[in-house]
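As structure tokens, the structure follows; a few thoughts come after it.
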Protein chains: 2
Amino acid sequence: MALPIPGKPVRGSKTGQPIMALLDLLGRSWAMGIIWHLYTGPSTFRRLQEYCESISPTTLNKRLKELKDCHLIERTLEGYALTKSGEELFELIEPLGSWAKIWAKNFK
Amino acid sequence: MALPIPGKPVRGSKTGQPIMALLDLLGRSWAMGIIWHLYTGPSTFRRLQEYCESISPTTLNKRLKELKDCHLIERTLEGYALTKSGEELFELIEPLGSWAKIWAKNFK
DNA sequence: AGTATTGCTACAAAATATGTAGTGGTATGG
DNA sequence: CCATACCACTACATATTTTGTAGCAATACT
């Protein structure tokens, strides 16, 4: 399980379980936030930065590279966009949106 | 959206969107791995540590506190266990497991 | 009483993220 | 053509998070 993450292998990948590699990738700061936003359509670097509450350009750049290397996003003429694979992944995590609302009520 | 995360407010919570708070929580190191493991049944601190590839006790302890504060896990006589809420959440992320296998083939 | 295991805490070092400034590239206007 | 203005990044110092190792108090087992 050698995912093409720049630098060292993915955290959690030693077990060889793909799910662990995926959870590691998604468990990095803003990774899921980026995917969530891109489902609304392609976006520019700047707009992603704003959407992710002013994530630093350094981190955004790194995250985008990783997601690109894992074929979840790609650059298009309109900016960054989800790949077919990325869309599939989004559709799997989409249900979290409505669940989160119910969950959040426990803290009001 | 003031989730009871020890210390500062959840990253991503400023928008007031519960999904962002949830993605932040789940986007911390090993958070989803812990949930994934606990679905197989209650577990002790030590076994969780082994399962999470020797996550440092400091981080494991912090993460367990956060997940407890957000009512996703709880301490039982048998150790740490998912709450009703935590189980619901797991069932939402469970499909990632089979998807990850297909996705991983792109890197072989 | 002695040894083992467990659930943690302490703390220094390493890795990661942030915040701000700046660079080079392309578009727009005068 | 030159200035101004964005945009997509890179550089780099600082802050925060995670790791790794050691150790301690509590319970269990011999």
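Order of the sequence lines sets the chain letters (A, B, ...), proteins ahead of strands, with each chain counted from 1. Excluded from the calculations below are hydrogen atoms, water molecules and symmetry mates; all remaining heavy atoms, backbone and side chain alike, are included.
- Using a 4.0 Å cut-off between a side-chain N of Lys or Arg and a carboxylate O of Asp or Glu, Glu66(B) and Arg63(B) qualify as a salt bridge.
- Checking dG7(C), dA10(C), dT18(C) against every side-chain atom of Pro57(B), the shortest atom distance belongs to dA10(C).
- Residue side chain Thr58(B) reaches the base of dC11(C) through a donor-acceptor N/O pair under 3.5 Å, judged by distance alone.
- Residue contacts for Ile55(B): at a heavy-atom cut-off of 4.0 Å it reaches the sugar-phosphate backbone alone, with no base atom in range.
- Between atom CG of residue Leu82(B) and atom CG of residue Leu72(B) there is a gap of 8.5 Å, rounded to the nearest 0.5 Å.
- Of the side-chain N and O atoms in Tyr80(A), none sit less than 4.0 angstrom from OP1 or OP2 of dC7(D).
- Closest approach to the Lys62(A) side chain among dA17(C), dT9(C), dT19(D) is made by dA17(C) (side chain taken as heavy atoms from C-beta onward).
- Atom pair Arg28(B):CZ and dT19(D):P shows a separation of 14 Å (rounding to whole Å applied).
- For Arg46(A), the side-chain atoms get nearest to dC9(D) when compared with the rest of dC9(D), dT18(C), dG20(D).
- Using a cut-off of 4.0 Å between Lys/Arg side-chain N and Asp/Glu carboxylate O, Asp69(A) and Lys65(A) are scored as not salt-bridged.
- Applying the 4.0 Å criterion to OP1 and OP2 of dT18(C), one finds that Thr59(A) has a side-chain N or O inside that range.
- Proximity of Leu23(A) to Ile19(A): side-chain heavy atoms (C-beta onward) are separated by under 4.5 Å at one or more points.
- Using a 4.0 Å heavy-atom criterion, one finds that Arg75(A) contacts the sugar-phosphate atoms exclusively.
- For the pair Leu60(B) CG and dT19(D) P, the computed distance is 10 Å after rounding to whole Å.
- Residue Thr44(B) places no side-chain atom within donor-acceptor reach of the base of dG7(C), judged by atom type and a 3.5 Å distance cut-off alone.
- An OP1 or OP2 oxygen of dT16(C) is reached within less than 4.0 angstrom by no side-chain nitrogen or oxygen of Trp30(A).
- Nucleic acid contact class of Arg63(B) (heavy atoms, under 4.0 Å, all strands): sugar-phosphate only.
- As a whole-Å value, the separation of Lys68(B) NZ from dG7(C) C1' is 11 Å.
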